Structure formats: structure tokens, C-alpha cells
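This one's a predicted model, so the numbers in the text were calculated from it and none came from an experiment.
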Amino acid sequence: MSSSIPINVHDPTAPTPQNTPLTHAPIAQGLSRPTVPDITEDTEPAEDEENEETPGDIQTAMLGLVHGKLAGLVGRSSGYVESLPVEVKRSVEALKGIQVKQNELQNEYKRECLELEKKYSELQKPLYERRKAIITGDAKATPEEIKAGEEREKKEDPEYTPIAEPNGETAAIPEFWLTALRNHPGLAEMITDRDADALKSLVDITIAYLPPKEKQPGFKIQFHFKANDYFKNEILEKTYLYQEEVGYEGDFVYDRAIGTTIEWKEDKDLTKTFEIKKQRNKNTNRTRLVRKAKPAESFFNFFSPPVPPSEEAIESGEIDEDELEAVEEQLEIDYQIGEDLKEKIIPRAIDYFTGKALEYEAFDDDDDFEDLDDDEDDDDEDRFEDEDDSDDDVPARRRGPPKRGGASDNVNPEECKQQ
């Protein structure tokens with residue numbers, strides 16, 4: 001297997017800027033691993049076969065060798081560009097100038113795509129309002145709406161049986177949004193039993209885009225509640241802001257999120273638990289009971305998003321690598337939940353309520369698939385294993401945290417070009 005980055009492990013000269021990656025993640029993640037030993041290594045077989053190196057050992061050694069060399073070379077110039085004639089250097093600078101104009105057009109293109117997304121979001125508002133009216137029981141479903149839903153089911157399930165004729169009364173759909181949210185894998189983990197009672201009063205979830213006058217583009221996820229025993233707010237909002245300029249790959253990049261301050265009613269804060277402790281006065285020896293609040297897991301922590309660390313804090317070392325990694329993971333999850341609400345749950349709420357969306361969630365990532373025949377063979381080997389077999393078990397693959405969101409996937413770039 002050839003590496004995606006041409007490297008001569010014997011040549012101390014750094015790769016040229018054109019083939020020096022900004023990070024060494026691809027090799028570290030095993031996307032391109034050398035599979036042959038360095039020619040200077042002793043490749044003669046060991047006398048004792050029990051101590052013979054396996055191909056995996058050689059790959060690991062090579063990975064460490066190449067990784068170590070790259071770590072000292074990343075970002076360093078080989079001197080190639082600096083050695084070019086002045087006329088060529090001026091041409092290089094001209095190409096940078098052209099890239100600036102390309103970036104400006106890409107920014108404009110993404111902004112127009114966002115405006116197109118807003119346009120169709122506005123066109124869907126009457127449908128969302130109609131959906132809310134049926135969910136809350138404020139309006140009765142029409143025969144045409146019911147027929148369209150039944151036709152959809154018949155296409156997907158030939159054995160589907162139409163519903164009996166209604167008795168003429170309107171009926172609200174109980175716990176619609178709570179059920180829909182719980183059928184999303186990520187949100188299901190966030191919703192505790194304590195949260196469920198409060199979320200039963202959730203009557204709608206909507207999206208609102210920030211107006212063009214705002215410096216930064218972005219959107220708001222709005223949770224609409226009827227009167228409940230937990231908080232006074234009628235609407236809880238979560239605002240996601242993009243950076244002003246698109247990222248290096250040509251997509252909007254999240255900047256930060258801002259949540260609503262929840263006005264909790266007395267003793268109803270679901271993001272905290274309270275415990276009673278005894279305190280003794282050292283002088284009088286009298287005791288008293290003190291109630292102390294402790295943070296608690298809750299869906300409503302969603303409205304208190306993690307704060308990205310400042311560049312100053314990172315550069316000064318105020319936040320260590322482990323803390324930074326933990327915050328980054330929290331931010332990735334937070335951004336992904338926001339994107340899923342915007343792109344999946346709000347537009348396809350009925351599919352999350354019925355559970356149909358789970359069929360698509362299950363097949364969303366090809367990495368989750370494994371060859372069934374291989375699984376069967378593995379099972380056979382596990383059941384009938386040689387007594388002398390000492391092969392190590394292969395560790396299960398881990399699925400990484402959700403990737404940080406970018407621009408909406410809801411708009412096809414080719415469609416934007418045709419507008």
C-alpha cells in the first residue's frame with residue numbers, strides 16, 4: 001500500500017510545502033499506513049520463531065517512525081518556494097490573489113444558498129402551522145390529508161390496513177414531541193425521567209433564521225411550551241451562529257451557540273439536584289440544615305451550551321490538552337444535535353413520532369455495517385477454537401463523536417447554481 005504522502009525516511013529534507021499536511025491526522029487515523037519495513041531494518045527471520053515479528057508489529061513500528069518524523073516537519077518549509085526565481089515568486093503571489101477572489105465568490109455563493117434555504121423554510125410555515133393545529137387538537141384533519149397519509153403507507157407497506165372512519169371529533173396527539181425527541185438516538189440519551197413530565201407540555205418546535213442585517217448568519221431552534229409546573233418561559237430558544245466567512249472547505253463553520261435563560265419555578269430546576277447537609281458551628285456547637293445544589297443531567301442543559309475556549313487560553317496553556325479535547329467533544333455533540341433538529345426532526349417530526357425515521361438512522365453510517373458472512377464465520381471459530389490458538393481478540397470498532405456541523409445539507413449545491 002502506498003502512502004498518500006510521499007516520504008523518504010532516509011532523507012532529512014522536509015517535504016515541500018505542496019505536500020506537507022497541516023496536520024498528521026490521516027496517518028494517525030490509519031487512513032494511509034506504510035506496510036513494508038524500512039530497507040535499513042534487519043529483515044532476516046529470527047532464530048526463535050516464537051519471537052518473530054508479525055506484519056502488525058512492523059506496521060506499528062513504521063507508523064511510529066513516520067509519525068515521529070512528520071511531527072517535526074509539519075509546517076516547516078523545505079526552502080523550495082524561497083529558492084525560486086523572483087519572477088516565479090511573483091507568479092505565486094498572483095495565484096494567492098486569485099484565490100482571494102475565489103474565496104469571495106464562494107462566500108457569496110454560500111450566502112445565496114442560505115437565502116434559498118430561508119425562502120423554502122418560509123414556504124413550509126403554513127404546513128408547520130397546520131401540523132401544530134392537528135397535534136394540539138385545535139383543528140380536525142381533513143379527508144384529503146388522511147387519504148394522502150394512507151396512500152403513502154400503502155406504497156411502503158402493501159399489507160397496510162386503512163383506518164376506520166372517524167366519529168367527527170377532533171383529538172390531540174398526546175406527548176407528540178416528547179415521543180419524537182425520544183426516538184432520536186442522541187436526544188434520547190439526554191432526556192431523563194425527570195425531564196419527561198416537563199416535555200409533555202411541549203407543543204411545537206420551530207426554526208427561525210437570523211435576518212440579513214445580522215453580522216453573522218445563523219438560525220434559532222425554538223421550543224414552544226404551554227403553561228407548566230416547571231418554568232415560566234413560553235418559548236425556549238437555542239441560537240446557532242456561523243462564522244462570517246466560510247471555512248477552508250467552502251462550508252459555513254459554526255462559531256458558537258447561545259441558549260435561553262430558563263426562569264425556573266421554585267424548587268423545579270431540573271438541571272440541579274438538592275441535598276440536605278448538617279453543619280455544626282465550631283463555637284456554639286449548634287447544628288443547622290443546609291440545602292446545597294448539585295448539577296444534574298438534564299435535557300434542559302441543552303440551553304446552557306458549552307463555551308469554546310479562547311485562543312488566548314489555549315496558547316497560554318490555561319486549558320490543558322485533555323480539557324480542550326473534552327470541550328471540543330461537547331461542542332461537536334451540541335452542534336450535531338442542533339443540526340439534527342434543524343435538518344431531521346423539525347421537517348420530519350411525524351416520522352420520528354412513529355419511529356419510521358429510525359429505519360434511516362440505522363443505515364445512516366456505512367461504517368456500522370459488517371459482512372454477515374464474516375460474522376457467521378467468526379461465530380463458528382469462536383465455538384470451535386483450537387486449544388493452542390493464542391491469537392489476540394480483535395477489538396471492536398469504536399464510533400467517534402459526531403462531526404462538527406457546517407452548512408446545511410438540505411440545499412443541493414447544484415440546485416443553488418441553477419437558481
Side-chain angles (χ1 to χ4, degrees), residues 121 124 127-128 130-132 134-136 141 145-146 148-163 171-207 219 221-224 238 240 297-302 329-330 332-372 374-375 396-406 408-412:
S121 180
Q124 292 184 80
L127 299 175
Y128 289 153
R130 177 66 183 163
R131 179 176 73 183
K132 177 185 175 183
I134 293 175
I135 290 172
T136 58
E145 290 168 338
I146 296 172
E150 290 179 337
E151 289 298 325
R152 170 188 164 178
E153 289 299 312
K154 287 179 183 178
K155 286 182 180 179
E156 299 182 2
D157 181 8
E159 299 181 358
Y160 171 77
T161 303
I163 299 171
I173 304 176
E175 302 179 15
F176 178 90
W177 285 105
L178 171 59
T179 303
L181 294 176
R182 276 183 157 170
N183 277 337
H184 180 276
L187 287 164
E189 295 182 3
M190 297 168 58
I191 299 172
T192 68
D193 292 339
R194 297 172 69 228
D195 297 327
D197 193 47
L199 288 172
K200 289 177 184 179
S201 61
L202 180 60
V203 295
D204 202 9
I205 306 177
T206 60
I207 181 171
F219 61 92
I221 304 293
Q222 299 173 318
F223 293 74
H224 303 256
K238 181 75 169 286
Y240 287 92
E297 292 186 0
S298 171
F299 165 80
F300 292 95
N301 287 323
F302 177 70
E329 183 172 345
Q330 291 173 358
E332 288 174 351
I333 294 172
D334 185 63
Y335 294 142
Q336 188 61 60
I337 291 295
E339 274 294 300
D340 281 4
L341 284 164
K342 172 175 170 280
E343 299 292 336
K344 297 180 178 181
I345 297 174
I346 293 176
R348 295 187 174 274
I350 182 59
D351 290 339
Y352 278 91
F353 174 77
T354 61
K356 178 179 285 291
L358 294 176
E359 299 175 16
Y360 299 93
E361 289 282 353
F363 297 100
D364 196 34
D365 191 343
D366 289 340
D367 289 342
D368 290 338
F369 286 92
E370 296 178 357
D371 194 304
L372 292 177
D374 289 346
D375 286 345
R397 296 184 61 186
R398 294 180 60 191
R399 186 172 180 177
K403 296 181 179 179
R404 178 172 301 184
S408 166
D409 295 329
N410 202 34
V411 177
N412 188 323

**Message:** Using the rule given for side-chain contact (heavy atoms from CB on, under 4.5 Å), can you reason through Asn183 versus Phe353, listing the C-alpha separation, both sets of side-chain angles and the distance that settles it, and then say yes or no?
**Reply:** CA-CA 7 Å; Asn183 277 337; Phe353 174 77; 5.7 Å; no
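- Just one residue in the list Leu199, Val203, Leu202 forms a side-chain contact (heavy atoms from CB on, under 4.5 Å) with Trp177, and that residue is Leu202.
- Between Arg131 and Ile205 the shortest heavy-atom distance is NH2-O, 4.3 Å.
- When each of Ile350, Ile134, Asp204, Leu181 is tested with Phe176 by the rule side-chain contact (heavy atoms from CB on, under 4.5 Å), just one qualifies, namely Ile350.
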**Request:** Let me see the working for Thr192 and Asp195 under side chain to side chain donor-acceptor pair (under 3.5 Å), right down to the final yes or no.
**Result:** CA-CA 5 Å; Thr192 68; Asp195 297 327; 3.0 Å; yes
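- Atom CG of Leu187 is separated from atom CG of Leu341 by 5.5 Å, given to the nearest 0.5 angstrom.
- Nearest heavy-atom pair across Ala180 and Tyr352 is O-CB, 3.7 Å.
- Annotation: the span from Glu343 atom CD to Ile345 atom CD1 amounts to 11.5 Å, rounded to 0.5 Å.
- In Glu297, the CD atom is not crowded: 12 or fewer heavy atoms of neighbouring residues, nucleotides or ligands sit closer than 6.0 Å.
- The minimum heavy-atom distance linking Ala196 with Leu178 is given by the pair O-CD2, 3.7 Å.
- Judged as a salt bridge (Lys or Arg N to Asp or Glu O under 4.0 Å), and not counting sequence neighbours, the contacts of Asp351 are Arg152, Arg348.
- Ion pair Glu339/Lys344 not flagged as a salt bridge, since none of the NZ, NE, NH1 or NH2 atoms sits closer than 4.0 Å to an Asp/Glu carboxylate oxygen.
- Cation-pi geometry between Lys238 and Phe302 is satisfied (NZ or CZ under 6.0 Å from the ring centre, within 45° of the ring normal).
- Side chains of Gln336 and Asp340: a donor-acceptor N/O pair is present below 3.5 angstrom, by distance only.
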**Request:** Begin from the C-alpha positions of Gln222 and Thr206 and carry the test side chain to side chain donor-acceptor pair (under 3.5 Å) through to its verdict.
**Result:** CA-CA 5 Å; Gln222 299 173 318; Thr206 60; 3.1 Å; yes
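- More than 12 heavy atoms of other residues, nucleotides or ligands lie within 6.0 Å of CD in Glu145, so this atom counts as buried by the packing criterion.
- Two residues are said to be in side-chain contact when any heavy atoms from C-beta on lie closer than 4.5 Å; Tyr128 and Pro347 meet this criterion.
- With contacts defined as side-chain heavy-atom distances shorter than 4.5 Å, the pair Ile221/Lys342 qualifies.
- Residues Lys154 and Pro162 are in side-chain contact: their nearest non-hydrogen atoms beyond the backbone lie under 4.5 Å apart.
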**Message:** side-chain contact (heavy atoms from CB on, under 4.5 Å), that's the test. Do His184 and Ile337 meet it? Break it down for me.
**Reply:** CA-CA 10 Å; His184 180 276; Ile337 291 295; 4.1 Å; yes
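- Partners of Lys132 according to the salt bridge (Lys or Arg N to Asp or Glu O under 4.0 Å) rule, which considers only residues two or more places apart in sequence or in another chain, do not exist here.
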